[in-house]
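The next block holds one structure in the form of structure tokens; read it before the comments.
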Protein chains: 2
Amino acid sequence: MFENPLNRLIRRLEVDTTALSQAEKDAILRLPMTIKEVGADQDIVREGDRPTQCCVVVEGFQCRYKMLLDGGRQILSFHVPGDMPDLQSLFLSTMDHSLGTLTPNRVALISHDALRELIRVQPALAERFWRESLIDAAIFREWITNVGSRDAYARLAHVICEFYVRLRAVGLTKDATFDFPITQTELADATGLSTVHVNRSIQQIRANGLIIWERGACTIPNLAALKEAAMFEPNYLHMREGNAAA
Amino acid sequence: MFENPLNRLIRRLEVDTTALSQAEKDAILRLPMTIKEVGADQDIVREGDRPTQCCVVVEGFQCRYKMLLDGGRQILSFHVPGDMPDLQSLFLSTMDHSLGTLTPNRVALISHDALRELIRVQPALAERFWRESLIDAAIFREWITNVGSRDAYARLAHVICEFYVRLRAVGLTKDATFDFPITQTELADATGLSTVHVNRSIQQIRANGLIIWERGACTIPNLAALKEAAMFEPNYLHMREGNAAA
DNA sequence: ACTTAGTAATAACATACGCTAAGCAAGGCG
DNA sequence: CGCCTTGCTTAGCGTATGTTATTACTAAGT
């Protein structure tokens, strides 16, 4: 089903809006690209870089982050297959943050030139990609709310909830189970908590039966309950009702 | 200089990139719009709304925010003249947050139809507006970092720093002084702190001579010092060096 | 089989920040 | 002119979360 590495991207561009025309799909599938395998914990681009290409996640997980002066890091978002985490570099020449892998990845690299040509030939696609970057921003807004307003318990539940719902939208869940190869340290960097407190809170979440999480695989026995604990409202993901709802 | 209410917007679209063509400028200035006066603390659009127009701030300050289940609110961003705080509604039909005034405002309302027609006729303008929404997202990223990684003192200093730099970029500062009619409660909602702790921390910032802030006017005697306290790096604003630098 | 290194779990202690409450100043308004 | 509201300030106390450290577990490497 996903023989072409960009098929998942196409599927994403159609979420909660009209289907792409065949000509538009073809134009995307014909994009010149480089497929690359990248190990875990490698940077794709770094703060200060001036990229000349964009990255599409084909397989594996990535995150965007900023390094702090005191050596800490703030994770800004997680990325799953189908995402274009550095799409913004098309119009913001200098990276204001870094993009790296969390696990081994397969990525597709597409030059800015090819993307510019694509949206010149198919102007309607520009709006699709623009829309993607607006959803990106919507997720950032929710993360501000998450770190700014929720306690550790809800904050972690929220991150897990979002991860699950986004994975499900690209068909990467098996019922209530999904890959979650994220370390507690990474969760700490994403939520602005210490690793110790992440551990404490995760155990509470586990003890309350909201998640079963072992060796990189996570199951959500009762999604409604987890959502409630997380105060998770999927509207900010701007997916079609069927994808975002329980 | 700013006789047309959209002149400041045009100036913004040219920051850190090439100048607009005369035809592009004319197309923007000819946009059909409604000028409206709005009182302080009024909503422009609310979470759940499906707007049919976008708002340009002509005069006054606005903020975007989310209401929480427990009655609290998280402020997501501040907006100054020249901003289009709900530009995203052009492609995300349902608002995932609210937009409201902090002070009395003059706003220009432009229908989505007119904006779509504008970018159809002047496709290069689509990229300018797209770019604006990418900078918007960059600011959200910095706010995640702010609430996730900085202590109260730096967090507040950072918000003030950003406010000043953004105001200066649109010519709304007088040397080191600028309008800052934000209440401590609003600062608390923006930083995820309690009002009491905002008060404590602001007084420290004052005591250290980093700001002089009385009756809605703020002065920064030593911008370099404030930036350092805030760990403020203006790169995320993607302004031209001359605007962002000290 | 024995490291080595990453990750997770737990404990003891420290603190930045939240909460409740009360007083005070300044501006709007009858 | 006094009231009322809004915002700012200060105090006292509680707690969610941070810090440092130790131990155990697992997987990978030699």
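Letters A, B, ... are given to chains in the order of the sequence lines, protein chains preceding strands, and every chain is numbered from 1. Scope of the values below: all heavy atoms of this structure, side chains included, with no hydrogens, waters or symmetry mates.
For the residue pair A:H197 and A:R200, a side-chain donor N or O sits within less than 3.5 Å of a side-chain acceptor on the partner.
Look at CG on A:D41: it is 10 Å from C1' on C:dG6, rounded to the nearest Å. Across the protein-nucleic acid pair, B:D189 atom CG and D:dG7 atom P stand 11 Å apart, rounded to whole Å. Summarising the geometry, the separation between CD on A:Q184 and C1' on C:dA9 is reported as 8 Å, rounded to the nearest angstrom. As rounded to whole Å, 10 Å separates atom C1' of D:dG7 from atom CH2 of B:W213. Nucleotide D:dC8 holds its C1' atom 15 Å from the CD1 atom of B:I205, rounded to whole Å. In this entry the distance linking CG of A:L187 with C1' of C:dG6 reads 16 Å, nearest Å. Counting to the nearest Å, the C1' atom of C:dC17 and the CG atom of A:L193 are 14 Å from each other.
Checked by atom type and distance alone, the side chain of A:N4 pairs as donor or acceptor with a backbone atom of A:L6 at under 3.5 Å. Without hydrogens or angle criteria, A:T219 side chain to A:T177 main chain gives no donor-acceptor distance under 3.5 Å.
Residue-level contact check: B:T183 touches the backbone only, with heavy atoms under 4.0 Å from sugar-phosphate atoms and none from bases. Here A:G192 lies in heavy-atom contact (under 4.0 Å) with sugar-phosphate atoms only. Looking at heavy-atom distances under 4.0 Å, A:R206 makes contact with sugar-phosphate atoms alone, never a base.
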Which donor-acceptor pairs under 3.5 Å do the side chains of residues 56-68 of chain B make with protein atoms, sequence neighbours left out?
residue, atom, partner, partner atom, Å
B:E59, OE1, B:R106, NH1, 2.7
B:Q62, NE2, B:N105, OD1, 3.1
B:R64, NE, B:S77, OG, 3.4
B:R64, NE, B:H79, NE2, 3.1
B:R64, NE, B:P85, O, 3.4
B:R64, NH1, B:P85, O, 3.1
B:R64, NH1, B:Q88, OE1, 3.0
B:R64, NH2, B:D136, OD1, 2.8
B:R64, NH2, B:D136, OD2, 2.2
B:Y65, OH, B:D43, OD1, 2.5
B:Y65, OH, B:D43, OD2, 3.1
B:K66, NZ, A:E142, OE1, 2.6

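Put simply, the residue from B:N199, B:D189, B:T195 that forms a side-chain hydrogen bond (donor to acceptor under 3.5 Å, both in side chains) with B:Q184 is B:N199. Test B:F163, B:F178, B:F180 against B:W213 for ring pair (Phe, Tyr, Trp, His ring centres under 6.0 Å) and you get one pass: B:F180.
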Review item, nucleotides 10-16 of chain D N/O atoms under 3.5 Å of protein N/O:
residue, atom, partner, partner atom, Å
D:dT10, OP2, B:Q203, OE1, 2.2
D:dT10, OP2, B:Q203, NE2, 2.8

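With rounding to the nearest 0.5 Å, the separation of CG in A:L87 from OG in A:S133 is 5.5 Å. Atom CG in B:L102 sits 8.0 Å away from atom OG1 in B:T183 (nearest 0.5 Å).
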Study note, to complete from the structure: For nucleotides 24-30 of chain C, 5' to 3', base contacts (B), sugar-phosphate-only contacts (S) and non-contacts (-) with protein non-hydrogen atoms under 4.0 Å give -------

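A salt bridge links A:D83 with A:R166: at least one charged nitrogen is closer than 4.0 Å to a carboxylate oxygen.
For the pair A:V198 and B:I202, both in contact range of DNA chain D, the more 5′-proximal nearest nucleotide belongs to B:I202.
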